[in-house]
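Written below as structure tokens is the structure these notes are about.
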Number of protein chains: 2
Amino acid sequence: MIDREFFLGFVKIHILYHAIKEPIYGVEIMRELARHGYDLSPGTLYPTLHRMERDGYLVSRREVVEGKARKYYRATDVGVRMLEQSKKQIMELVREVVDEK
Amino acid sequence: MIDREFFLGFVKIHILYHAIKEPIYGVEIMRELARHGYDLSPGTLYPTLHRMERDGYLVSRREVVEGKARKYYRATDVGVRMLEQSKKQIMELVREVVDEK
DNA sequence: GGATATAATATCGCAAAACGATATCGGGCA
DNA sequence: TGCCCGATATCGTTTTGCGATATTATATCC
């Protein structure tokens with residue numbers, strides 16, 4: 001994947017965004033992120049999800065779907081606010097480095 | 001500062017951008033970043049600059065200005081290409097999470 | 001010309017995150 | 001019960017992040 005040092009924050013914002021729209025689980029997120037060019041290994045993704053839950057951005061619940069135990073994450077209010085702030089920072093970045101004022 | 005885990009990549013992109021426009025030095029970058037809400041300590045900034053140079057995004061040269069030894073950084077071709085890719089990723093992120101398609 | 005002031009950069013030491021690889025879990029079904 | 005398989009978790013090591021502190025280099029003043 002494209003240099004993680006620059007883009008791992010993007011990945012976390014993607015995760016937040018999807019976890020607000022609907023409950024998501026690990027493997028599904030990995031596929032979704034891969035669609036955007038972010039190929040994370042489980043050794044990166046799962047600890048990231050755990051941290052985001054520990055820090056209050058996400059909450060999880062177990063669920064069995066088609067005989068498989070999944071862990072669905074959804075965003076908390078804190079997570080929603082974090083995404084709002086992220087959007088502001090993104091647009092600030094766009095104005096500065098993309099828009100070539 | 002606003003949760004670094006999400007935004008440290010933004011900081012690096014800012015640095016690249018400025019180092020393309022003109023040579024920049026540490027303290028100046030810190031002030032510039034502070035303008036955007038990113039308050040880094042030198043213990044974070046300088047190792048970051050060193051890494052970006054080690055990884056080929058920046059090159060530095062010493063210079064004495066008004067009796068003070070500064071280390072000016074400017075972006076390499078690799079750095080320029082990295083910023084181009086960053087812009088693409090930024091706009092991709094905007095389409096996904098900001099534009100609310 | 002040695003001491004001092006000051007802007008600027010560098011490092012230290014610890015804690016936390018990142019990561020690929022590997023292991024483990026848990027439910028259905030033969 | 002044993003096995004398969006989607007899915008999650010952990011292990012061990014390297015790298016990064018960070019505040020605090022130290023060091024460097026130049027000019028100025030006595």
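Convention: sequence-line order gives letters A, B, ...; per-chain numbering from 1. Scope of the values below: all heavy atoms of this structure, side chains included, with no hydrogens, waters or symmetry mates.
Closest approach to the A:R51 side chain among C:dA10, C:dA18, D:dG19 is made by C:dA18 (side chain taken as heavy atoms from C-beta onward). Nearest to the side chain of A:H50, among C:dG20, D:dT10, C:dA18, sits D:dT10. In this structure, the nucleotide among C:dA17, D:dT21, C:dA21 sitting nearest to the side chain of B:P42 is D:dT21.
If you measure from atom CZ of B:R4 to atom C1' of C:dA17, you get 14 Å, rounded to the nearest angstrom. Taking atom NZ on B:K12 and atom C1' on D:dC18, their separation rounds to 13 Å, with Å as the unit. Distance CD (B:E63) to C1' (D:dT24): 17 Å, rounded to an integer number of Å. Taking atom CD1 on B:I29 and atom C1' on C:dT9, their separation rounds to 12 Å, with Å as the unit. Across the protein-nucleic acid pair, B:I24 atom CD1 and C:dA7 atom P stand 21 Å apart, rounded to whole Å. In this structure, B:E5 places its CD atom 21 Å from P of D:dT15, rounding to the nearest Å. Rounding to whole angstrom units, CG of residue B:D3 and P of C:dA17 are separated by 10 Å. The distance between atom CZ of B:F6 and atom C1' of D:dT16, rounded to the nearest whole Å, is 17 Å.
Taking the six-membered ring for Trp and thresholds of 30 and 60 degrees, A:H18 and A:H36 have ring planes inclined between 30 and 60 degrees apart. Between A:Y57 and B:F6, the angle of the ring planes goes over 60°, which puts this pair in the perpendicular group of the 30/60° scheme. The aromatic rings of B:Y72 and B:Y25 stand perpendicular to each other, their planes meeting at an angle above 60°, with 30° marking the opposite boundary.
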Could you encode protein contacts along nucleotides 23-30 of chain C as a string, one character per nucleotide from 5' to 3', using B for base contact, S for sugar-phosphate-only contact and - for no contact, with a heavy-atom cut-off of under 4.0 Å?
-> ---BBS--
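Put simply, the side chain of A:E53 gets close to the backbone of A:S60: a donor and an acceptor are under 3.5 Å apart.
Within the nucleic acid shown, A:G43 comes within 4.0 Å of at least one base atom, counting heavy atoms only.
Ring-centre distance between A:Y17 and A:F10: not below the 6.0 Å cut-off.
A close approach under 4.0 Å does not occur between any side-chain nitrogen or oxygen of B:Y46 and OP1 or OP2 of C:dA10.
Nearer the 5' end of DNA chain C, as judged by each residue's closest nucleotide, is the contact made by B:Y25, out of B:Y25 and A:R54.
No continuous path of hydrophobic side-chain contacts links B:Y46 to B:V59 [ILVMFWY only; heavy atoms under 4.5 Å].
Side chain to side chain, A:Y38 and A:E32 fail the donor-acceptor criterion of an N or O pair below 3.5 Å.
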